[in-house]
Amino acid sequence: MADHQSGAGGGVHTVFESTLDSVDTAENLALEIAGKSGFQEEDLHKIGMAVREAMVNAVVHGNRYNLKKKVHYSVNCVDERLSITIVDEGEGFEAAELPDPLSEENLLRQSGRGLLLIKAFVDEFAMRKAPPMGTEVRMVFHRTEAT
């Protein structure tokens, strides 16, 4: 399981096992912090979906369920910005290497749309190879005012 460490500004830094149970825990942790920080229901749905997709990518594609590899996870909320960083310990890859999920030959594939979904839900997105290995995904959500 994860060992949570609280940081300044309503943040948490933790390390998860490479299991699908960690996906649920990471999503719930992000939603708890976002909810306490005033994010609205629609925003919470987007945050939950993006975190779930990014964590599944880290566990399944990055670490390949290898229990010796961990997923490093942090959530920070400062002002109206919720920042979530997920880093796996896999081989890493460049986004340009991925096939286009919207091209005709990929439309019926079972996987390959996770990053497309994440980008649809976030306000800011960055992905890079993490030194010395792995992939780092950084997602930022801006809190919207209640209407």
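By convention here, the first residue in the shown sequence is residue 1.
For the pair Arg81 and Asp123, the salt-bridge criterion is not met [side-chain N within less than 4.0 Å of a carboxylate O]. Electrostatic pairing of Glu136 and Arg128 counts as a salt bridge here, judged by a charged N lying under 4.0 Å from a carboxylate O. Taking the charged nitrogens against the carboxylate oxygens, Glu89 and Lys69 have no contact shorter than 4.0 Å, which rules out a salt bridge.
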message: Working note: Asp79 + Arg143, criterion salt bridge (Lys or Arg N to Asp or Glu O under 4.0 Å); need CA distance, chi angles, decisive distance, verdict.
response: CA-CA 9 Å; Asp79 299 324; Arg143 187 175 67 215; over 6 Å; no
- [ ] Report the C-alpha separation of Phe16 and Asp21 in whole Å, then their side-chain angles, then the decisive distance to 0.1 Å, and conclude whether the side chain to side chain contact (heavy atoms under 4.5 Å, CB included) test is met.
- [x] CA-CA 9 Å; Phe16 287 112; Asp21 287 339; over 6 Å; no
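The residue from Ile118, Asn57, Val23 that alone fulfils the side-chain contact (heavy atoms from CB on, under 4.5 Å) condition with Arg52 is Val23.
Checked by atom type and distance alone, the side chain of Tyr65 never pairs as donor or acceptor with a backbone atom of Thr19 at under 3.5 Å. No donor-acceptor distance shorter than 3.5 angstrom exists from the side chain of Asp88 to the backbone of Asn63, with no hydrogens or angles considered.
The minimum heavy-atom distance between Val87 and Ala130, with the atom names listed, is CG1-CB, 3.8 Å. Pairing each heavy atom of Met55 with each of Ala26, the nearest pair is CG-CB, 3.6 Å. Contact detail for Ala54 and Ile86: the closest heavy-atom pair is CB-CD1, 3.6 Å.
From Glu91, atom CD reaches atom CZ of Arg64 across 6.0 Å, with rounding to the nearest 0.5 Å. The OG atom of Ser37 sits 11.5 Å away from atom CG of Asp43, with the distance rounded to the nearest 0.5 Å. Cys77 contributes atom SG, which lies 8.5 Å from atom CD1 of Ile33 (distance to the nearest 0.5 angstrom). The CG atom of Leu31 sits 11.0 Å away from atom CZ of Phe39, with the distance rounded to the nearest 0.5 Å. For the atom pair CD of Glu80 and CG of Leu82, the computed distance is 12.0 Å after rounding to the nearest 0.5 Å. Rounded to the nearest 0.5 Å, atoms OG1 (Thr85) and CZ (Arg138) are 6.0 Å apart.
Transitive grouping of hydrophobic side chains (ILVMFWY, heavy atoms separated by less than 4.5 Å) keeps Phe121 and Val140 in distinct clusters.
Dense packing is recorded around NE2 of His142, with more than 12 heavy atoms of other residues, nucleotides or ligands lying under 6.0 Å away.
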